[in-house]
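Just so you know, these numbers come straight off a predicted model, no measurement behind them. Atom set for the values below is all heavy atoms of this structure, side chains included, hydrogens, waters and symmetry mates excluded.
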Amino acid sequence: MPTEKEILMIQKATMFDLKQILEANPDKTYTVDELKALIDAYIAGLQ
């Protein structure tokens, strides 16, 4: 079982990854549905 510190590091790494994905296309505007799909794809890629 991960410690609280490890969980926090994983959460921060996940947000960093998603930030990098979004910054790859700085002029794109995302809808809520597109963001949900992006997050779902990210999660599916981790499994």
Side-chain angles (χ1 to χ4, degrees):
M1 190 72 151
T3 66
E4 285 186 41
K5 185 176 180 179
E6 290 170 328
I7 291 170
L8 181 59
M9 287 182 352
I10 292 166
Q11 289 172 334
K12 286 182 177 185
T14 300
M15 290 298 106
F16 179 79
D17 288 346
L18 290 172
K19 182 176 143 284
Q20 294 293 99
I21 292 168
L22 294 172
E23 287 177 343
N25 245 335
D27 296 328
K28 170 128 174 74
T29 302
Y30 294 89
T31 66
V32 172
D33 287 337
E34 288 173 324
L35 289 171
K36 286 180 183 179
L38 179 67
I39 292 167
D40 287 345
Y42 180 86
I43 291 167
L46 293 177
Q47 295 176 354

Going through the distances and angles, do I7 and Q11 end up as a side-chain contact (heavy atoms from CB on, under 4.5 Å)? CA-CA 6 Å; I7 291 170; Q11 289 172 334; 4.0 Å; yes
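Distance check, rounded to the nearest 0.5 Å: CG of L35 to CD1 of I21 gives 11.0 Å. Atom-to-atom distance recorded for T3:OG1 and M9:CE is 7.5 Å, nearest 0.5 angstrom.
Pairs engaging residues 14-28 under the side-chain hydrogen bond (donor to acceptor under 3.5 Å, both in side chains) rule: D17-Y42, K28-E34 [sequence neighbours left out].
Hydrophobic clustering, with ILVMFWY side chains joined whenever heavy atoms are under 4.5 angstrom apart, groups I43 together with L22.
By the side-chain contact (heavy atoms from CB on, under 4.5 Å) test, D33 pairs with T31, K36, sequence neighbours left out. With sequence neighbours left out, K12 forms a salt bridge (charged side-chain N to carboxylate O under 4.0 Å, His left out) with no residue at all. Applying the side chain to side chain donor-acceptor pair (under 3.5 Å) criterion to K5, with sequence neighbours excluded, gives no partner residue. In this view, E6 satisfies the salt bridge (charged side-chain N to carboxylate O under 4.0 Å, His left out) rule with no residue, not counting sequence neighbours.
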